[in-house]
Amino acid sequence: MASTTYDMIVIGAGPGGYVAAIRGAQLGLKVAIVEREHMGGICLNWGCIPTKAMLRSSEVFHLMHRAKEFGLKAEGIGYDLDAVVKRSRGVAKQLSGGVAHLMKKNKVTVVMGAATLPAKGKVSVKTEKGTEELEAKHIILATGARARELPGLEADGDLVWTYKHALVPQRMPKKLLVIGSGAIGIEFASFYNTLGAETTVVEVMERILPVEDAEISAFAKKAFTKQKMKIMEKAMVKQLDRGKGKVTAHIEVGGKVEQHEFDTVISAVGIVGNVEGLGLEALGVKIDRTHVVTDEYCRTGVDGLYAIGDIAGAPWLAHKASHEGVMVAELIAGGHPHPVKPESIAGCTYCHPQVASVGLTEAKAKEKGYAVKVGRFPFIGNGKAIALGEPEGMIKTVFDAKTGELLGAHMIGAEVTELIQGYVVGRQLETTEEDLMNTVFPHPTLSEMMHESVLDAYDRVIHI
């Protein structure tokens with residue numbers, strides 16, 4: 001069978017792959033993209049977007065219960081879980097369809113099927129109609145990742161769920177166990193807890209949200225506990241005994257094994273890269289713990305083969321994947337793009353309260369040998385936060401005491417996932433504390449707390 005030749009082939013149409021395809025097409029390249037399941041990948045269909053739609057429903061539900069605080073009346077408050085899920089799936093479908101439209105608009109050839117790389121520069125795609133052979137000098141791997149499953153804790157879709165099952169629940173959990181307190185685990189814990197599930201979170205590390213600054217983790221734990229969520233840190237689920245409509249979890253904590261009964265378990269213990277079945281090893285691609293090893297420009301070491309997004313390792317974030325996609329497309333087109341800096345990529349967790357951060361934690365900065373100046377500002381000191389009825393939260397900034405470089409910023413509270421980008425831009429522009437202090441922040445806004453946190457680091461804070 002004759003093969004079709006392109007300048008660039010992208011394998012995987014998630015937020016890394018489809019963005020790379022669009023940028024390549026914009027630069028005049030003849031581009032094909034291969035996708036085995038859904039346009040938009042996990043992010044648009046089973047990750048970032050549908051979870052945010054569901055969390056928005058739980059947020060509105062929470063606010064309805066607070067109506068009296070705002071001088072409003074809301075009676076007979078309830079929810080329809082099927083309708084919540086239907087809205088979430090509708091949002092995902094709308095955006096997935098949008099990606100398909102963007103491919104057409106940018107004249108990117110879409111091939112639906114499972115890809116393998118039989119040889120350098122060649123892609124074989126198994127489609128519904130047979131096999132298509134494609135060729136390109138440049139191939140981008142953007143195959144993403146899937147949920148990690150631990151032995152004995154495997155999901156069955158009934159009693160034990162992955163994130164996919166949790167997005168389309170057949171029933172509302174009454175007693176829920178969430179294993180893992182990273183972004184995925186905490187977001188689902190927050191959603192189901194808000195809707196009334198008696199929720200327990202088990203985290204093997206010393207604290208929940210372990211990648212965040214220790215102060216932010218402690219603040220989050222206090223907030224979740226206040227919401228009647230049970231948090232078990234330095235704990236490990238050793239075994240799950242599945243019975244009729246119930247699961248008995250054997251949880252080791254403090255050197256002892258406790259047994260707790262639940263009707264639903266969500267496993268959120270990380271991800272593994274989709275590296276199997278592509279033929280990568282035969283091409284000489286190096287794989288480390290299910291992720292493709294690359295240099296700073298996402299090159300695999302095999303001429304003309306690149307890897308972006310989750311398959312290329314941490315941080316496992318859609319916006320990191322998209323930016324890498326743009327960078328690689330520009331590199332292929334003959335440009336000279338800047339490499340992506342992982343330490344300048346913000347992480348956002350959409351629980352209640354929200355959590356967001358960029359750069360080094362205070363502990364990491366000290367570990368790296370920096371003398372630091374640290375600023376903090378509480379939501380309770382901000383007029384807009386009080387007016388919104390959201391006085392719980394804080395913003396923390398970490399500066400290099402010698403140069404004034406913003407090393408890191410860490411936030412917890414209402415809408416911090418929208419605020420963090422201010423500090424991301426600051427880091428990209430190599431902003432110092434003086435630049436930030438001399439910036440006029442609009443009043444009344446939550447963003448004023450970003451200013452005050454910087455002022456606090458240099459003993460100039462105004463409103464506390």
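For reference, positions follow the sequence shown, starting with 1.
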Discussion item. Any non-hydrogen side-chain atom of Val178 less than 4.5 Å from a side-chain atom of Phe262?
Written reply: no
Practice prompt. Please say whether more than 12 non-hydrogen atoms of neighbouring residues, nucleotides or ligands are located less than 6.0 Å from CD in Glu258.
Written response: yes
Worksheet entry | Arg66 and Glu390 ion-paired at < 4.0 Å | yes
Worksheet item: Does Lys230 pair with Glu198 as a salt bridge, N-O distance under 4.0 Å?
Response: no
Worksheet item: Got a donor-acceptor contact below 3.5 angstrom from the Thr300 side chain to the Val285 backbone?
Response: no
Worksheet item: Without hydrogens or angle criteria, can the side chains of Arg36 and Thr143 be said to hold a donor-acceptor pair below 3.5 Å?
Response: no
Practice prompt. Return yes if some donor-acceptor pair links the side-chain N/O of Thr290 with the main-chain N/O of Gly273 below 3.5 Å, else return no.
Written response: yes
Worksheet entry | NZ/NE/NH1/NH2 to OD/OE distance under 4.0 Å, Glu203 and Arg207 | no
Response to the item:
Scanning both residues in full, the closest heavy-atom pair of Ala312 with Ala307 reads CB-O, 3.6 Å
Discussion item. For Met172, I'd like to know if atom CE has over 12 heavy atoms of other residues, nucleotides or ligands within 6.0 Å.
Written reply: yes
Worksheet item: In Å and rounded to the nearest 0.5 Å, what is the OG to CD1 distance from Ser217 to Ile186?
Response: 9.5 Å
Worksheet item: Is a salt bridge present between Lys396 and Glu215, judged by a nitrogen-to-oxygen distance below 4.0 Å?
Response: yes
Discussion item. Counting neighbours of CE on Met236 that are heavy atoms of other residues, nucleotides or ligands and sit closer than 6.0 Å, is the number greater than 12?
Written reply: no
Discussion item. Quick check: closest heavy atoms across Tyr192 and Ala166, and the distance to 0.1 Å?
Written reply: OH-O, 2.6 Å
Practice prompt. Answer yes if the side chains of Glu132 and Thr127 hold a donor-acceptor pair under 3.5 Å, and no otherwise.
Written response: no
Worksheet item: Are Phe224 and Val201 side-chain neighbours, meaning at least one heavy-atom pair lies under 4.5 Å?
Response: no
Worksheet item: Below 4.0 angstrom, N of the basic side chain to O of the carboxylate: do Lys364 and Glu343 qualify?
Response: no
Worksheet item: Should Lys384 and Glu415 count as an ion pair when the cut-off is N to O under 4.0 Å?
Response: no
